[in-house]
Amino acid sequence: MTFDKFYSETKDGFFKYLYYLCSDYETASDIFQESYFKMYQKYQDNPNKGLLYKIGKNAFLDTKRKKREVYVEQDFLSSFKDEHNNVSAEKEDDFLEKMLAKLDDETKHIFTLKIINDMKYREIAEITGHSEANIKVIIHRARKTLKKHFKEV
């Protein structure tokens, strides 16, 4: 596959993933460009979606460490909101922040890959270095934890 074709097939989902990680358009744009640049430099002949997401995640973590800011993932829990409509719009951000605080960083990352990009377990396993079975368990536990906390609200 050519790099141009790879870019056109992955750009939308990858940017959306970065935006939800960062909660900031400018930061997501910078990481987006940096990630594709690194991918092009080293892997232009054999681009890989899993590797691109791993590069993006690492660039996000580097940015987070440098700025020492805490980024809160945006609303990727909409699938749960349909079941639990008792959250007012003005309190939504606070609510999401509290709910996401129940998950550790690695679980948030994996859950985001599954919910936002609807990635397959195999793809997530490639990105994170976990086994497919472990990814399924992590996502199942994250959903269970979030549903439990939604019911408490």
Side-chain angles (χ1 to χ4, degrees), residues 1-83 89 92-93 95-147 150:
M1 170 185 316
T2 66
F3 195 82
D4 290 338
K5 184 175 181 179
F6 172 77
Y7 175 78
S8 64
E9 289 178 1
T10 58
K11 66 180 179 173
D12 294 332
F14 184 60
F15 184 80
K16 195 174 186 182
Y17 164 72
L18 291 174
Y19 180 74
Y20 282 103
L21 269 182
C22 300
S23 303
D24 179 57
Y25 183 84
E26 295 299 321
T27 304
S29 295
D30 291 344
I31 294 172
F32 179 85
Q33 290 175 356
E34 178 183 340
S35 299
Y36 275 107
F37 180 70
K38 285 181 180 178
M39 177 64 80
Y40 183 79
Q41 274 185 316
K42 296 181 181 181
Y43 306 101
Q44 68 181 355
D45 296 333
N46 190 19
N48 179 301
K49 186 176 181 180
L51 184 59
L52 176 67
Y53 278 80
K54 189 176 277 189
I55 290 169
K57 176 191 171 198
N58 290 337
F60 164 72
L61 292 174
D62 289 344
T63 301
K64 183 178 174 182
R65 275 186 223 111
K66 286 177 189 173
K67 291 184 177 183
R68 299 214 184 271
E69 293 178 8
V70 178
Y71 293 99
V72 178
E73 287 83 351
Q74 293 294 310
D75 178 19
F76 60 82
L77 301 173
S78 60
S79 62
F80 295 108
K81 285 184 179 179
D82 293 339
E83 297 173 26
E92 186 174 304
D93 289 337
F95 177 74
L96 286 173
E97 189 174 334
K98 288 177 185 174
M99 295 308 294
L100 293 172
K102 307 295 182 191
L103 303 175
D104 62 80
D105 287 339
E106 184 68 14
T107 303
K108 286 180 203 176
H109 171 66
I110 291 169
F111 196 68
T112 302
L113 289 172
K114 182 65 178 162
I115 299 301
I116 296 298
N117 293 314
D118 196 28
M119 295 179 88
K120 294 179 174 38
Y121 294 115
R122 179 183 43 78
E123 293 174 319
I124 298 170
E126 288 175 14
I127 292 168
T128 61
H130 295 290
S131 68
E132 273 186 66
N134 195 12
I135 297 298
K136 289 177 184 180
V137 169
I138 291 169
I139 291 172
H140 172 75
R141 288 181 181 163
R143 286 182 173 144
K144 191 174 177 180
T145 300
L146 293 173
K147 282 182 182 181
F150 269 116

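For the single chain, residues carry numbers from 1 onward in sequence order. Remember, it's a predicted structure, so these values are computed and weren't measured experimentally.
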Partners meeting ring-ring contact (aromatic ring centres under 6.0 Å, His included) with [X] (sequence neighbours left out):
X	result
Y7	Y36
Y40	F3
F15	Y25, F32

- Task: Flag the pair I139 / I124 as yes when at least one side-chain heavy-atom distance between them is below 4.5 Å, and no otherwise.
- Result: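 I139 reaches I124 side chain to side chain.
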- Message: Is any side-chain heavy atom of F6 closer than 4.5 Å to one of M39?
- Response: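 They are in side-chain contact.
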- Item | Inter- and intrachain pairs under salt bridge (Lys or Arg N to Asp or Glu O under 4.0 Å), touching residues 128-140, at least two apart |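 Pairs touching residues 128-140 that pass the test: none.
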- Applying salt bridge (Lys or Arg N to Asp or Glu O under 4.0 Å), which residue pairs with at least one partner in residues 46-56 are found, sequence neighbours left out?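 Qualifying pairs, neighbours excluded: K49-E123.
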- Item | By salt bridge (Lys or Arg N to Asp or Glu O under 4.0 Å) - contacts of R141 (at least two apart) |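 For R141 there are no salt bridge (Lys or Arg N to Asp or Glu O under 4.0 Å) partners, ignoring immediate neighbours.
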- Matching residue for L113 among I135, I127, L21 - test: side-chain contact (heavy atoms from CB on, under 4.5 Å):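 Single side-chain contact (heavy atoms from CB on, under 4.5 Å) partner of L113 among I135, I127, L21: I127.
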- Task: Search all heavy atoms of S35 against all heavy atoms of G56 and return the closest pair with its distance.
- Result: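 Of all heavy-atom pairs spanning S35 and G56, the closest is OG-CA, 3.3 Å.
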- Message: Could you report the tightest heavy-atom contact between C22 and T27, atom names first, then the distance?
- Response: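 Result for this residue pair: SG-CG2, 3.9 Å.
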Which distance, rounded to the nearest 0.5 Å, do you find between the [atom1] of [X] and the [atom2] of [Y]?
X	Y	atom1	atom2	value
K11	F14	NZ	CZ	14.0 Å
F37	K42	CZ	NZ	10.5 Å
L51	Y43	CG	OH	5.0 Å
L18	Y53	CG	OH	8.0 Å
N134	I110	CG	CD1	7.0 Å

- Message: Going by side-chain contact (heavy atoms from CB on, under 4.5 Å), name the residues that satisfy it together with T107, two or more places apart in sequence or in a different chain.
- Response: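 Result, side-chain contact (heavy atoms from CB on, under 4.5 Å) vs T107: L103, D104, I138, A142.
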- Which residues share a side-chain contact (heavy atoms from CB on, under 4.5 Å) with T2, sequence neighbours left out: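 Listed in chain order: D4, K5.
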The criterion is side chain to side chain donor-acceptor pair (under 3.5 Å); which residues satisfy it with [X], sequence neighbours excluded?
X	result
T145	none
N58	none
E34	K38

- Could you tell me whether the side chain of K114 and the main chain of K120 form a donor-acceptor pair under 3.5 Å?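 No; judged by distance alone, with no hydrogens or angles, the pair does not exist.
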- Message: If you take the centroid of each ring, where Trp contributes its six-membered ring, are H109 and Y20 closer together than 6.0 Å?
- Response: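 Aromatic pair excluded; centres sit 6.0 Å or further apart.
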